[in-house]
Amino acid sequence: MTKVGETVLEIDLRALEHNYLYLRSKINTETKFLGVVKAFAYGSDSIAIAKKLESLGADYLAVAYTSEGVALRNAGIKLPILVLHPQEVSFATMIEKCLEPSLYSRTIFSSFLKMAKDLGQKNYPVHLKFNTGLNRLGLGEKDIDYILGSLEGVDKIKISSLFSHLAASEDLNEKDFTISQLNQFEKISSTIISKLKYRPKRHMLNTSGIINYPEAQYDMVRSGIGLYGYGNEAAEDEKLIPVGSLKTIISQIHKIGPNESVGYNRAFVSNTSMVTATLPLGHADGIGRQYGNRIGHVSIHGKLAPIIGNVCMDMIMVDITGIDCMEGDEVIVFGKEHSGEDLASSAKTITYELLTGISQRVKRIYFD
Ligand SMILES: *Cc1c(COP(=O)(O)O)cnc(C)c1O
């Protein structure tokens, strides 16, 4: 591969294909697959990822906010798109762009129903979200009668699916809690289905749910992090391939004497002679201050170099003492050769935050 020459996020769509096929292999062939592409497809590029998922035969996409769905429609994406967390102000736009809302409260349900009526819709697809223990968003068992009552004799909207979200699908110490969520969902969803004249889809599992609770796959699964190459556990990380590789370059090398400081507020002071490299990426690119002061490492020619001192807005300095490298050489911040899981966990955070933090000013380069 040629030298990157500047800070870039390489996006490997072949890795996406591998991860998609791997996750599909965990579920039945009839089970539908929803690819979660919120937050710029976990910090990569929602349009490139959505197009690839469409070509791979994914059944559905999901985003968090309406504006993210609008961007996909404007780019020509035809797959059905579930908007997980819409607000009332965007309902007219949603209908105009054929985006399907998650209706998670009585307020949101009623106002969407009214909008569908005002705009003359018939059987507009909506998704009912139930809270089964995450206590974040969702209708409850107590809302079932209200929902069914509001739908009686009304054909403005049609319930395309019933779903819920697990609180701890990656944590097998919480298995009892997860099973109680699954039981709660089974109860709520079968009550509703028994009272409807048609059969909405049901879905419950995210990536770790697919891996740990495939028996609860119902009609569809919703995967995000796994598609991007991370599985929330070492055994799964081995099977998946990171889609994004954040790479940069050595801008300048300095020889530092004993008792010299590096960076703002003199947070690093050397006690011996050493060599440092300055790299053109900082907290404005998504490498936050928590990675500074020897917490995070980058990889240069296969050797790990710790970030020293405070992370600046547009730069970090790394200790390259003993690493054979020159100005202009390539640096891997994370990716296939230097796991984002290791980098994230070094700073006590998670891959989700590391990936989605890569800012829009980082150039994206694609491989397919
Ligand atoms: C983000 C999200 C997902 C994807 O979860 P992963 O752990 O990334 O697979 C699935 N469902 C809902 C409701 C979400 O908000």
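Note that the numbering runs from 1 along the sequence shown for the chain. Counting starts at 1 for both ligands and their atoms, following the listed order. Reckoned from all heavy atoms, side chains included, excluding hydrogens, waters and symmetry mates.
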Task: Protein residues having a heavy atom less than 4.0 Å from any atom of ligand 1 - done: Val36, Lys38, Tyr42, Leu84, Arg136, His165, Asn206, Thr207, Arg222, Ser223, Gly224, Ile225, Tyr352

Open item on the list: Does atom CZ (Phe40) have a neighbourhood of more than 12 heavy atoms from anything else shown, all under 6.0 Å?
Closed with: no

TODO: Kindly write out the residues that satisfy side-chain hydrogen bond (donor to acceptor under 3.5 Å, both in side chains) with Asn183, not counting sequence neighbours, or none if the list is empty.
DONE: none

Task: Pairs touching residues 194-207 that satisfy salt bridge (Lys or Arg N to Asp or Glu O under 4.0 Å), sequence neighbours left out - done: Glu186-Arg202

Open item on the list: Classify the ring geometry of Tyr124 against Phe112: parallel below 30°, tilted from 30° to 60°, perpendicular beyond 60°.
Closed with: tilted

Open item on the list: Quick check against the 3.5 Å criterion: does Thr272 have a side-chain atom that pairs as donor or acceptor with the backbone of Pro258?
Closed with: no

Task: With sequence neighbours excluded, residues passing side-chain hydrogen bond (donor to acceptor under 3.5 Å, both in side chains) with Lys239 - done: none

